[in-house]
Structures are given as C-alpha cells and as structure tokens.
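First the structure, in the form of structure tokens, and then the observations on it.
Atoms within a ligand are numbered from 1 in the order they appear, just like the ligands themselves.
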Amino acid sequence: MVFCTFVKIESMILRRFCLLICILLLMLNSCIVSRQYADIVLYNGKVYTVDKKFSFHESLAVKNGKVIETGSTKAITRKYKTNKSIDLQGKTVYPGFYDGHCHFYHYGLNLQKADLFGVASYTEMLQRLKEHQKKFPNGWLTGMGWDQNLWADKNFPDNKLLNEAFPDIPVVLSRVDGHAVLLNSEAMRLTGINENTLMNKEEAVWNDGKLSGVFLENTADKAKNAVPRPSVESITQLLVKAQENCFAVGLTSVADAGLEKREITIIDSLQKQGVLKMKVYAMLNPSEENFETYVKVGTYQTDRLHIASVKLYADGALGSMGALLKNPYSDADDKTGILANPVKKLETFCRLAYQNGFQVNTHCIGDSAVNLMLGIYGKLLKGQNDLRWRIEHAQIVSPSDFAVFEKFSVIPSVQATHATSDMFWAGQRLGEERLKNAYAYKKLLNQNGWIINGTDFPIENISPLLTFYAAVSRKNTNGKPESGFQIENALTREEALRSITIWAAKGAFEEKEKGSLESGKAADFVVLDGDIMTLPESSLPHVKIIMTFSNGEEVYPLK
Ligand SMILES: [Zn+2]
C-alpha cells in the first residue's frame, strides 16, 4: 500500500515535470518562431523620439526604410532579429535634422564660388579672389560672403580696387546676405547695368553721384542671373557635394526657399536616379512658369520631393539696409529700406496661391514688411486656420503685430544663428527700442505654440547644431555675450530640438511622415556622440555626428 502510494506520487511528479518541460520547449519555440526580422536594430543608447510626450528609449528597430519600433534594449532585441545590429554604447539618437529655411541648390552652386565669408578687409577679399582664380581660371569670377560690417571701414565698398586687380574679366561678388552684389566695371558692362538702365535708383549705392559698383535686390539678382550657368554635369557634382556636406552635419531634409522650374526638374530627376538622397521641400519662386507648371496644377509629392508652397519677398536684408522699416534706420535717417515687390503683386501672388491650395512663405525682415504681409495674409485667411502660411525670418516685429501671428495662425520661420551673427551691429541700425522686439523667437513661438528653425544657408553655416546652440544660448561660438543676447528670447532645449525636427516638418505638412522617430515614419535619424539635451551649453557646438541615416540607409559616413 505504502509502496503503491509512493509509485503513484512519483509518477505524478514525473508527469508534471514532463509537462513543464514541454511547456518551456513550446514557449521557447514560439519565441524563436515569432522573432521578427528588422533591417537594422540600434540598441544600448538613448533614442529621443521627439514624439508628443518627448519620450526616449534605449533601442530602435528599422525596416523597409521606416521606424518599426522603439523600446528597451531587452524588448527590442528579444522581438527582432537582424543582420545589422548597432551597439550604440550609450550614444544618442535623434530624428534627422530638418533645415526649415535654406538655399540648398544655390549652396551647391556656390561651392564653386570664391568663399568670402569672414574676410576681414578688402585686401583679404582680393587675396582670396586671386587664389580662387588660380583654381578656376576661366570665365566669370564669382564670390560669396563679403560683409563690410566686419571691416574697419563699415561703409559699402566700391569697385576701384577690384577693377585694378581684375580689369579684363567680369567679377560678381555677393554680399553675405545675398541681397547685395559688388560688380567690377567689366561685369557692369557685360550685364548692362549702368546709370541709364537702373530701374530703381535706390537699388544702387552711390558715391558722390557715381555708381560704386554695389547693387541691391532686383538689380543684384539681375547681375547674378547674368552669370553663365554651369552645365547639368557640374550642377550634379555640386549638388552631390552639397548633400554630402549636409549629411555630415546630420541634415536629412531641407526646405529650399525659392526655386525655379529648371532647378526643381534637376533635383527631381537626380532624386529619381538615386543620385540625390536629400529630401527637399521646394518652395516655388513666383515666376509665371512656376504658377503655370505647379501652382495651377496642384501640389506634388514623391518620396523625397515635396512642392506645396510659394516663396515671396516683401523686403531685403538688415545688413544692406534693405529691410523695410516703419520708421527710418537709426543710423541713416533718410532710409526706411526697400519694398521688394509692389503690394498689388504680392496680393495677387497670395490670392493665386490661396485659390490653388498652396502655402505662402514670405521673406520679411523689417517690421513694416512683417506688418504688410500679415495684413495681406489676414484678408485671405480671415481667422485661425491650418494652412500654415509662414513669415520667413520675422526678424523685426512691431509689438502690436505679435498677436496677429496667432490671430491668423501664421507661422514664424526663423534662423537662430541670425540673432548671434547680427547682435553686435543690429542695434546701430534699429536703436534700443526696436531691438527689443527683434530676433524675438520665444515671443514668436508663444503665438501659435510652435516655430520653424533653420539657417538660411549659405548665409549661415549649414550645421543644425549651431542653430540649436544659438537658439538655447543666444551666444556666438566664442561664448559671447556671457549672459546671452536678449536671453528672454532663448528657447528651451526641447523647443529648439522640435524646431529643427518635428516643427520644421510640420511647417512643410510632413509631420505624419517624418520629424519624429515613431512607428511608420521615415527612418531618418542621426547618431551623436553626446547628448545635446543634457551636455553643458559650451559643448553643444562641438558635438560630433557619428552616423546619419535617410530612409534607413546609412548616408554618413559613406563607406
Ligand atoms: Zn533665404
């Protein structure tokens, strides 16, 4: 009896043990079977998703160019198998950076121009031109980036020394803001720009009644457009170089602020060939051709190109006194700036865009330009809306105009580095009172709860991390001024990161496709060697980009 009971108990334990083993085997088996395939798994890091909650996780899984999941390293590595797993070793991941306002195409073309950024004198400018001419000896000599505000004599230069140095070849030199050019006599002769052909006397700088060689706005554009265009082959090479530079600083999307049809056609075709992987939100110049080809036909979107907006100019730039101000410049009481287009024309462009469902993005630097465009927008938009019409730069705003941004849901699109580039001389142009409401990014953000940030490159350096740093610190890269320029208008780090990712995407109606690392969105992301959300402020400009991915493909560094 005792023996029987013992055998019974023993067989029961055995049966239970076998059952347990079976269950365990089954569980293990089902685990292996249900492990899904991911193209890439990044783990052991800190992945800032920039979702609504601003949540972060340790790992990220990517498939077919899209984010499939973020989560803990344990959860993600258990759920996904992959042939490409990247141990982040504590490094941080952010959505690919989006420059909300730049000139990608022209930055590319500028790569073959003499680099005049930061030249400290006329003599240094001539030296750089001579060196550049050795590399590109044929044809027109072009340069970009001079800024007389950096020179001992802060007045506009004339072309006397330029003519002596280059008497026989045409020279066209764009000012740092792109709104002024310096031409030598040969370039003036070839472009036909002279006293008799000037449409608007205000668009030239005069010295004792004579043309100095500096021309502004439309006349500057006329001179730039007269320079023979490079071939499609060299444009291709230059754009590929431009995208390499952009991927190297973590940019995966750019809003190109003003393109012609032929430029868009080249971008579209290079993207379709797989040569150009940079994603472009192409704002249309208001040319008749663009209105006929795009605006009247409807918005256009491929995987990498998006056309849904018109770019207008209301005025010029502050540095060259082209910004349209309500009251005269503090350092030139006979000047109030330049209206870049007649009001009627601006109204017509806006109406046409509105009727065809296109967004309008207008360059407005001066308070009068901002006021004018808010008025024109308001008549069409009538009240709050989700059309996301933008004021580009919104640099100087009258106190009473801030609320109008909210009234008509107009979105400010700013460049944080403009504040820190201009801060040492903007006060001279504007005076103390007006300066208080200039570069007022936080105040602008508060109107609609979001803001778009960019660089306006090639005006500024292409790096989005410099934008991030300038937005949060309001200091230049030398750490000046120590307390930050008008620090009340600094953004928080979260706001600054949103402004160069999800909000920039939203400004282009692309927030459902990119701008954050959420399931189903494009796998556009960057891996940095430091955490820009927690590092000391002074380290921010020095954070290194380790890798950049576009649609799940590693585009930097190139293998
Ligand atoms: Zn611009």
Side-chain angles (χ1 to χ4, degrees), residues 97-111 113 117 144-145 147 174-181 216-218 220-221 224-225 242 246 251 253-260 263-264 267 278 280-287 290 307 309-320 322-324 337-341 346 349 359-366 369-370 373 389-396 411-422 426 438-439 441 444 451-464 466-467 470 499-500 504 507-508:
F97 299 128
Y98 195 140
D99 195 313
H101 177 127
C102 64
H103 301 271
F104 173 74
Y105 185 94
H106 291 100
Y107 164 76
L109 262 55
N110 280 348
L111 293 174
K113 294 183 182 173
F117 287 90
M144 164 91 200
D147 180 0
S174 297
R175 193 181 178 279
V176 62
D177 57 19
H179 288 261
V181 290
L216 311 169
E217 307 308 328
N218 297 313
D221 288 342
K224 284 190 271 185
N225 291 334
C246 288
L251 287 169
S253 289
V254 290
D256 200 321
L259 289 170
E260 295 298 343
E263 298 165 339
I264 294 171
I267 291 173
M278 180 55 67
V280 179
Y281 184 58
M283 301 184 200
L284 302 167
N285 278 337
S287 59
N290 275 346
I307 304 171
S309 66
V310 176
K311 165 76 187 299
L312 303 179
Y313 280 91
D315 64 348
L318 187 65
S320 44
L324 193 66
I338 295 172
L339 179 68
N341 280 292
L346 292 167
F349 290 147
Q359 178 193 45
V360 178
N361 306 329
T362 311
H363 167 115
C364 300
I365 302 273
V370 173
M373 289 318 296
W389 283 26
R390 300 164 41 162
I391 297 284
E392 303 300 313
H393 314 303
Q395 211 157 291
I396 303 135
I411 311 305
S413 159
V414 303
Q415 297 73 36
T417 45
H418 281 4
T420 51
S421 293
D422 299 359
Y439 312 94
Y441 308 142
L444 284 168
I451 197 166
I452 301 156
N453 226 326
T455 60
D456 208 7
F457 73 67
I459 308 294
E460 299 280 355
N461 187 293
I462 62 172
S463 169
L466 293 181
T467 300
S499 76
I500 54 172

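Of the residues Asp315, Asn341, Ile338, the one that meets the side-chain contact (heavy atoms from CB on, under 4.5 Å) test with Glu217 is Ile338. Of the candidates Gln395, His418, His393, Gln395 is the only one forming a side-chain hydrogen bond (donor to acceptor under 3.5 Å, both in side chains) with Tyr439.
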Derivation of the side chain to side chain contact (heavy atoms under 4.5 Å, CB included) call for His101 and Lys311: CA-CA 11 Å; His101 177 127; Lys311 165 76 187 299; 3.9 Å; yes

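Residues passing the side chain to side chain contact (heavy atoms under 4.5 Å, CB included) test with Asp147, sequence neighbours excluded: Asn149, Leu150, Arg175, Val176. Asn461 is linked by a side-chain hydrogen bond (donor to acceptor under 3.5 Å, both in side chains) to nothing, counting only residues two or more places apart in sequence or in another chain. With sequence neighbours excluded, no residue forms a ring pair (Phe, Tyr, Trp, His ring centres under 6.0 Å) with Tyr441.
Nearby protein atoms of type N, O or S around the Zn ion (ligand 1) amount to 3 (distance under 2.8 Å).
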